[in-house]
Number of protein chains: 2
Amino acid sequence: MADTLTGRRRSVLQETRCQTCSLSSLCLPLALEVEDMDQFDAIIRRRAPLKKGEALFRQGSPFTSVFAVRSGSLKQVTTEGSGEDQLTNFYLPSELVGLDGIDEEHYPGTVVALETTTVCEIPFDRLDHLSESLPELRGQLYRSMSKELRDDRRMMRLLSRKTADQRLASFFTSLSERFRRRGYSPYSFRLSMSRADIGNYLGLAVETVSRILGRFQSQGLVAVSGREVNILDLPALTRLAEEEGAH
Amino acid sequence: MADTLTGRRRSVLQETRCQTCSLSSLCLPLALEVEDMDQFDAIIRRRAPLKKGEALFRQGSPFTSVFAVRSGSLKQVTTEGSGEDQLTNFYLPSELVGLDGIDEEHYPGTVVALETTTVCEIPFDRLDHLSESLPELRGQLYRSMSKELRDDRRMMRLLSRKTADQRLASFFTSLSERFRRRGYSPYSFRLSMSRADIGNYLGLAVETVSRILGRFQSQGLVAVSGREVNILDLPALTRLAEEEGAH
DNA sequence: CGTAGAGTTGAGTAGCTTCAATGCCGGTGG
DNA sequence: CCACCGGCATTGAAGCTACTCAACTCTACG
């Protein structure tokens, strides 16, 4: 009785178990059996929601955990030397944050919530240890990192070969696809990041982002109102994003 | 007797064991004890040397193994859609090739030898299995991937915020550092890649690479003759590479 | 010694940046 | 409740970086 009460209280408070989490089919424990998932569940630490602008962790602080996004979104920002910040990633629900901190023992960038955001904290030493006895978990972890590597390569390609138009088209089609996979509308969504964030991420000046958004709008590709986005012609955007011959 | 003969023949032929490999302090088995290294050694497959221009594997072929570079160098090239190739990485001895193929089950790019090159093939299923019982090996694998993630982020920063001069300065300082760590001269080395490769990698036109090399030379930063490079003022190059405010 | 590919050099230009001014929206205090 | 303020976003004009195109030279290799 005490048990069920506690259980119920916890789950009402923060929907606290992986098994009942709507993201479990996308998240790290994806491949696990029920009893294995319990083990995994046991090492997770829930966190109080982050408010917009709050940091999950800061660049240089000691690496202890990776985090799975439960709701909301975040950005990762790296400050190097004297230079300005570089925004290296946006994170959506079910994605894993902090994997690039494993070697070097500290986080290589600051991760900040773009809106009210909840995350699951997964202490890395315990995750590593558990991955010893759960091959599926280990595999999933390898796959997550590998996927991030491939995404990074795609980003390099974007930054070195694509025009500003193609970059923005890629940005929208990629977001659209990510929303679709998570069960949201791929055509209509709200951007949680500012134009400055988008520009920084894509290697463009804010003004350029703004101008091209305007052009896309007049071409009937998207309808943008502030941070509200409606994708009107996804095929055309996709074509534009993949198009040959930049420069 | 038969045993020792076989052993001797193998080691003469291709210096076949991790324990006698001069790279072991940089390579994957770095953290392993002697007896563990034997286990690791047992799963490695040696390969005939690749000639210049030969592919280690091609984009889209099934992912089976990762490879450790033993000598020589390689480039990774990704062809996407109709667009041109994108060169995403150069690999030097002790570095691990193919980690971005783990998920998706096929290699996301073609890897080609830039000169005569030898590699050790490490079948991934056996590596994964071995990593179950060898935590140090597992940790090293996580760290390798994590490091690659961080390097990618640095590359993104380079591509989106740095001027052509800064990119080339970064390229030289990074190469210099990598040679130094491997026990070669950080000041004098031979480029195994063409100007076109460098340009593709750095997101610059060949002509731009050539022009800036000329300028660096006239500024007394480097002496370049064909593919032979002498770094004359490493501190200045480093300063230039890290310098504030691009664009 | 000749040729093909690699590398250099020059001229003109496109695309994006920078600087500057103005418009819009959402939150806060009177 | 409304007016004001500050940050975010848009728009315009001018400038510069790096690209393209084109011609030429060098170098490696048969």
Side-chain angles (χ1 to χ4, degrees), chain A residues 51-53 75 83-84 86-87 112 114-116 158-171 190-219 222-229 240 243-247, chain B residues 51-53 75 83-87 112 114-116 158-171 190-218 222-229 240 243-247:
Chain A
K51 286 197 272 296
K52 179 175 173 172
K75 62 176 176 183
E84 312 154 30
Q86 167 71 19
L87 203 166
V112 177
L114 292 169
E115 58 197 308
T116 303
L158 179 146
L159 291 172
S160 78
R161 311 231 86 77
K162 292 191 178 178
T163 63
D165 293 58
Q166 296 178 306
R167 294 183 199 194
L168 268 159
S170 296
F171 181 68
R190 184 180 170 71
L191 301 172
S192 57
M193 67 292 284
S194 68
R195 301 285 192 272
D197 286 338
I198 298 175
N200 189 323
Y201 179 61
L202 297 176
L204 298 172
V206 201
E207 295 91 328
T208 306
V209 173
S210 199
R211 272 185 257 274
I212 291 173
L213 250 47
R215 201 182 319 144
F216 278 5
Q217 191 140 222
S218 68
Q219 293 169 336
V222 294
V224 184
S225 168
R227 297 195 173 181
E228 221 53 62
V229 175
L240 180 53
E243 206 164 68
E244 166 119 28
H247 297 220
Chain B
K51 286 197 271 296
K52 179 175 174 171
K75 62 175 174 182
E84 312 155 29
D85 294 347
Q86 167 71 21
L87 203 167
V112 176
L114 293 168
E115 59 197 309
T116 302
L158 179 146
L159 291 172
S160 80
R161 310 230 88 75
K162 292 190 179 178
T163 62
D165 293 58
Q166 296 178 305
R167 292 182 200 195
L168 268 158
S170 296
F171 180 69
R190 185 181 170 71
L191 301 172
S192 58
M193 66 292 284
S194 69
R195 301 285 193 272
D197 286 339
I198 298 175
N200 189 323
Y201 179 61
L202 297 177
L204 297 172
V206 202
E207 297 92 326
T208 306
V209 173
S210 198
R211 272 185 257 274
I212 291 173
L213 250 45
R215 201 182 319 143
F216 278 5
Q217 190 142 222
S218 68
V222 294
V224 183
S225 167
R227 297 195 173 181
E228 220 53 62
V229 174
L240 179 53
E243 207 165 68
E244 166 118 28
H247 297 218

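Convention: sequence-line order gives letters A, B, ...; per-chain numbering from 1.
Put simply, the side chain of B:R227 reaches to within 4.5 Å of the side chain of B:S194, judged on heavy atoms. Residues A:Q86 and B:R161 are in side-chain contact: their nearest non-hydrogen atoms beyond the backbone lie under 4.5 Å apart. Using a 4.5 Å cut-off on side-chain heavy atoms (C-beta onward), A:L202 and A:V209 make no contact. In this structure the side chain of A:V224 never reaches within 4.5 angstrom of the side chain of A:F216, judged on heavy atoms. Side-chain contact between A:I198 and A:F171: present, with at least one pair of heavy atoms (C-beta onward) separated by less than 4.5 Å.
Not a single donor-acceptor pair under 3.5 Å links the side chain of B:R195 to the backbone N or O of B:V206. Proximity of a side-chain donor or acceptor of A:E228 to a complementary backbone N or O of A:S225 within less than 3.5 Å is not detected. No side-chain donor-acceptor contact under 3.5 Å links A:E243 to the backbone of A:Q166.
Rounded to a whole Å, the CZ atom of B:R215 is 13 Å from the C1' atom of C:dT9. Rounded to whole Å, the distance from CD on A:E84 to C1' on C:dT17 is 12 Å. In this structure, B:I212 places its CD1 atom 12 Å from P of C:dT8, rounding to the nearest Å. In this structure, the CD atom of A:E228 is 11 Å from the P atom of C:dG26, given to the nearest Å. Whole-Å rounding puts the A:L168 CG to D:dT10 C1' distance at 15 Å. Atom CG of B:L204 is separated from atom C1' of C:dT8 by 16 Å (rounded to the nearest Å). Rounded to whole Å, the distance from CG on A:L202 to P on C:dT17 is 11 Å. Between A:L158 atom CG and C:dC16 atom P the separation is 12 Å, expressed in whole Å.
Closest heavy-atom contact between A:G203 and A:L159: N-CD2, 4.1 Å.
A:L213 comes within 4.0 angstrom of nothing in the nucleic acid, heavy atoms only.
Taking the charged nitrogens against the carboxylate oxygens, A:K52 and A:E115 have no contact shorter than 4.0 Å, which rules out a salt bridge.
For the helix from C:dC1-D:dG30 to C:dG30-D:dC1, the end axes, each set by the C1' atoms of five terminal pairs, are bent relative to each other by 40° (nearest 10°).
The side chain of A:R211 lies closest to D:dT11, out of C:dC16, D:dT11, C:dA11.
Between A:G214 and B:V209, the residue anchored nearer the 5' end of DNA chain D, judged by the nucleotide with its closest heavy atom, is A:G214.
Looking only at atom types and distance, the side chain of B:T116 has no donor-acceptor partner in the side chain of B:K51 under 3.5 Å away.
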Dump the pairs, protein N or O against N or O of nucleotides 5-9 of chain D, anything under 3.5 Å, distances to one decimal.
residue	atom	partner	partner atom	Å
D:dA9	OP1	A:R227	NE	3.4
D:dA9	OP2	A:R195	N	3.0

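In this structure, CD1 in A:I212 is found 4.5 Å from CG in A:D165, a value given to the nearest 0.5 Å.
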For nucleotides 22-30 of chain D, 5' to 3', base contacts (B), sugar-phosphate-only contacts (S) and non-contacts (-) with protein non-hydrogen atoms under 4.0 Å give B--------
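Contact annotation: B:T208 side-chain N/O to D:dA18 OP1/OP2 distance is not under 4.0 Å.
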